[in-house]
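Below: the structure, in structure tokens.
For ligands, and for the atoms within them, numbers begin at 1 and follow the listed sequence. In this chain, numbering begins with 1 at the start of the sequence shown. Excluded from the calculations below are hydrogen atoms, water molecules and symmetry mates; all remaining heavy atoms, backbone and side chain alike, are included.
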Amino acid sequence: MYNEIDLDKIDISSEPPTEEPARQYYFMAKCREWVREFEKKNGRLPCFFTQTFGCQMNARDSEKLTGILEEIGYITANSEEADFVIYNTCTVRENANNKVWGRLGYLNTYKKQHPHMKIALCGCMMQEPEVIDKLKKSYRFVDLIFGTHNIYKFAELLFLCFSQEGTVIDIWKDTDKIVEELPIERKYSFKSGVNIMFGCNNFCSYCIVPYVRGRERSRKPEDIIREIEKLAADGVVEVMLLGQNVNSYGKNLENPMSFAQLLTKIEQVQGIQRIRFMTSHPKDLSDELIEVMGRSNKICKHLHLPLQSGSSRILKEMNRHYDKEQYLSLVEKIRRAVPDIALTTDIIVGFPGETEEDFEETMDVVKQVGYDSAFTFIYSKRTGTPAAMMEDQVPETVVKERFDRLLKEVQRKATERAQAFTGSVEKVLVEEINEQDETLVTGRLSNNFVVHFPGTSEMIGKIVSVKLKECKGFYFYGELESSV
Ligand code: SAH
Ligand code: SF4
Ligand code: F3S
């Protein structure tokens, strides 16, 4: 963990400071007092469990929550049988919500037997007024509810939750605030996500994210660089730059800066060996970025370029601002500049009004591009988005049949692409001991392929050369060639 401040030096008998992040450190010190009392009374430290739903943004946010809980003295628990449970929720598709409702039912039963336990909910789902109404009405055992815009206030809200009866609810509609320098506890010692921007301004017609994450806000380049320098000093070799549309980074800064310019600065940070980013919206992907990717030896040979649909008509309805031809020529341009790049994508099947012809266009793009992997989603109606009001929702059986056809094609192409790597020697960042077989370690190539090979825990976090011996479709078995 970094950004450590000695909480014991903070005068908690005085009024809380008004400026941030000092105010949050003050409340962390207050919460630490509470933790000490708990320890005295129970003869043990309280423990917490976080469960993250959704994307890498949420995963990074959960590291912030963990950082604060550990700072105040909580220890981690391995399951929901804990003193404090927090769900960081996602609402991008209906099934993300359903998972949360399901698990809350289980938590309620557990809490009845352990009444001292606290339950907190945060994240994207909490930004939806219907969700809050439902929680207020039928889930009164939840102790703390906050949203995406005020996550930096977690310590303050936690203190409120410790010191008052009833549910603490704090949801903001939007914000223009970015609070820096709070504690963060990373999941991995050698790699880290780094937020470069928050929110989204694109309003793709099916998508709830702009409504729950607010307007686009870029972090200042100097704050990003400072964070990455600290991470590098702490042993991080790979960073994943995070934003809903990283290609529009910097447009609203006081001194505007492009994403490509930011990348060039990040490349200069000593110790950082790999740079990844997501997500790239095709409409904003610049020639400047392609050029920087072509000449960089730190930016990974992987681009996630969501297609969503191959039909120009549907793309227009989706408000994506590109058509099939533009997407395909962009792919061609990228492949020309970075020949060995791996391309991955997101595709939605069954957007309202999608005909068999539209779907065939999607299949055609998949065949032409040959993605190294693709996330395929069944369209999910999100209340409040323009697409939810569209007529012609596609029947479930039709969608399911198209989805299966698409998945088959995606997998066929991906296996074909992976197979071509068999026999080659590649640089691999070792990430963890293999879950199924402890004599193996698992690592990732620059192009994001996964390889399992004989190794030990000392190799974790190191970049080594591995021969890819056997292709298993989406992953490889390999053998260590040499340590780099
Ligand atoms: N900002 C990223 C995507 C964030 S959401 C981008 O624009 O690429 C991740 C993916 O979820 C999207 O790319 C899309 O494919 C999918 N998705 C979003 N809303 C959806 C919905 N209503 N139904 C099904 N899939 C959806
Ligand atoms: Fe959603 Fe589109 Fe924004 Fe991505 S770019 S988060 S799909 S609105
Ligand atoms: Fe889900 Fe929110 Fe991410 S809705 S996909 S967790 S931005």
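Residue-and-atom listing of protein N/O/S atoms under 2.8 Å from atom 3 (Fe) of ligand 2, sorted by chain and number: Cys200 SG. Excluding water, every protein N/O/S atom under 2.8 Å from atom 2 (Fe) of ligand 3 is given here by residue and atom: Cys124 SG.
Of the protein's non-hydrogen atoms, Tyr206 CD1, 3.3 Å is the one closest to atom 19 (N) of ligand 1. When hydrogens are left out, the protein atom nearest atom 13 (O) of ligand 1 is Asp346 OD2, 2.6 Å; that is the closest non-hydrogen contact. Counting only heavy atoms of the protein, atom 7 (S) of ligand 2 lies nearest to Tyr206 OH, 3.4 Å. In terms of protein heavy atoms, atom 7 (S) of ligand 3 is closest to Gln244 NE2, 3.3 Å. Looking only at protein heavy atoms, the nearest one to atom 4 (C) of ligand 1 is Gln244 OE1, 3.4 Å. Atom 21 (C) of ligand 1 has its closest protein heavy atom at Ser380 O, 3.6 Å.
When only interatomic distances are considered, the shortest N/O to N/O separation between Gln308 and ligand 1 falls below 3.5 Å. For ligand 1, the polar-atom distance check finds an N/O of Arg93 within less than 3.5 Å of one of the ligand's N/O atoms. Considering backbone and side-chain N/O atoms, His281 never comes within less than 3.5 Å of an N/O atom of ligand 1. By the 3.5 Å distance cut-off applied to N or O atoms, Arg382 is not counted among the residues near ligand 1. For Tyr379, no nitrogen or oxygen atom sits less than 3.5 Å from a nitrogen or oxygen atom of ligand 1, counting backbone and side chain alike. Residue Asn245 has no nitrogen or oxygen atom sitting less than 3.5 Å from a nitrogen or oxygen atom of ligand 1, judged on distance alone.
Qualifying side chain to side chain contact (heavy atoms under 4.5 Å, CB included) partners for Lys283, counting only residues two or more places apart in sequence or in other chains: Asn202, Asn245, His281, His321, Tyr322. Partners of Asp170 according to the salt bridge (Lys or Arg N to Asp or Glu O under 4.0 Å) rule, which considers only residues two or more places apart in sequence or in another chain, are Lys153.
Of the options Arg402, Lys367, Lys324, a salt bridge (Lys or Arg N to Asp or Glu O under 4.0 Å) to Glu361 is made by Lys324 and by none of the others.
Under a cutoff of 6.0 Å and an axis angle of 45°, Lys134 and Trp101 form a cation-pi pair.
Using a 4.0 Å heavy-atom cutoff, Ile378 is listed among the residues neighbouring ligand 1. The closest approach between any non-hydrogen atom of Val92 and ligand 1 is below 4.0 Å. Residue contact annotation: Arg320 has a non-hydrogen atom under 4.0 Å from ligand 2. Under a 4.0 angstrom heavy-atom cut-off, Arg320 registers as being in contact with ligand 1.
In this model, a donor atom of one side chain and an acceptor atom of the other lie less than 3.5 Å apart for Ser296 and Glu267. Checked by atom type, the side-chain pair Lys64/Asn195 shows a donor-acceptor distance below 3.5 Å.
Taking 4.0 Å as the cut-off between side-chain N and carboxylate O, Lys400 and Asp404 count as a salt-bridged pair. A salt bridge between Asp223 and Arg226 is present, with a side-chain N of the basic residue lying under 4.0 Å from a carboxylate O of the acidic one. Checked for salt-bridge contact, Lys230 and Glu180 miss the test: no charged N lies under 4.0 Å from a carboxylate O. Remark: Glu317 does not engage Arg313 in a salt bridge, criterion side-chain N to carboxylate O under 4.0 Å. A salt bridge between Glu360 and Arg405 is present, with a side-chain N of the basic residue lying under 4.0 Å from a carboxylate O of the acidic one. A salt bridge links Arg382 with Glu94; the closest basic N to acidic carboxylate O contact falls under 4.0 Å.
When the shell of 6.0 Å around CG of Asp133 is examined, it contains more than 12 heavy atoms from other residues, nucleotides or ligands.
A pairwise comparison of heavy atoms in Thr52 and Ser62 identifies OG1-OG, 2.8 Å as the closest pair.
When each atom of ligand 1 is checked for a heavy atom of Thr279 under 4.0 Å away, the hits are 2 (C), 6 (C), 8 (O). Of all the atoms in ligand 1, the ones that sit under 4.0 Å from a non-hydrogen atom of Ile348 are 14 (C), 15 (O), 17 (N), 25 (N), 26 (C).
Ring planes of Tyr87 and Phe53: perpendicular class, angle over 60° (limits at 30 and 60°).
Within the 4.5 Å cutoff, the side chain of Ile224 has heavy atoms near those of the Tyr249 side chain. Counting only heavy atoms from C-beta outward, the side chains of Lys220 and Glu254 never approach each other to under 4.5 Å.
Panel note: side chain Thr148, backbone Val212; a donor-acceptor pair is recorded below 3.5 Å.
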**Report entry** Worked verdict on Tyr206 versus Tyr379 for ring-ring contact (aromatic ring centres under 6.0 Å, His included)
**Finding:** CA-CA 8 Å; Tyr206 50 82; Tyr379 168 73; 7.5 Å; no

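Contacts between Phe377 and ligand 1 below 4.0 angstrom, taking non-hydrogen atoms only, involve the side chain exclusively. Contacts between Met57 and ligand 1 below 4.0 angstrom, taking non-hydrogen atoms only, are absent altogether. At a heavy-atom cutoff of 4.0 Å, ligand 1 is contacted by the side chain of Pro306 but not by its backbone.
Rounding to the nearest 0.5 angstrom, the gap separating the CZ atom in Phe421 from the CG atom in Asp372 is 7.0 Å.
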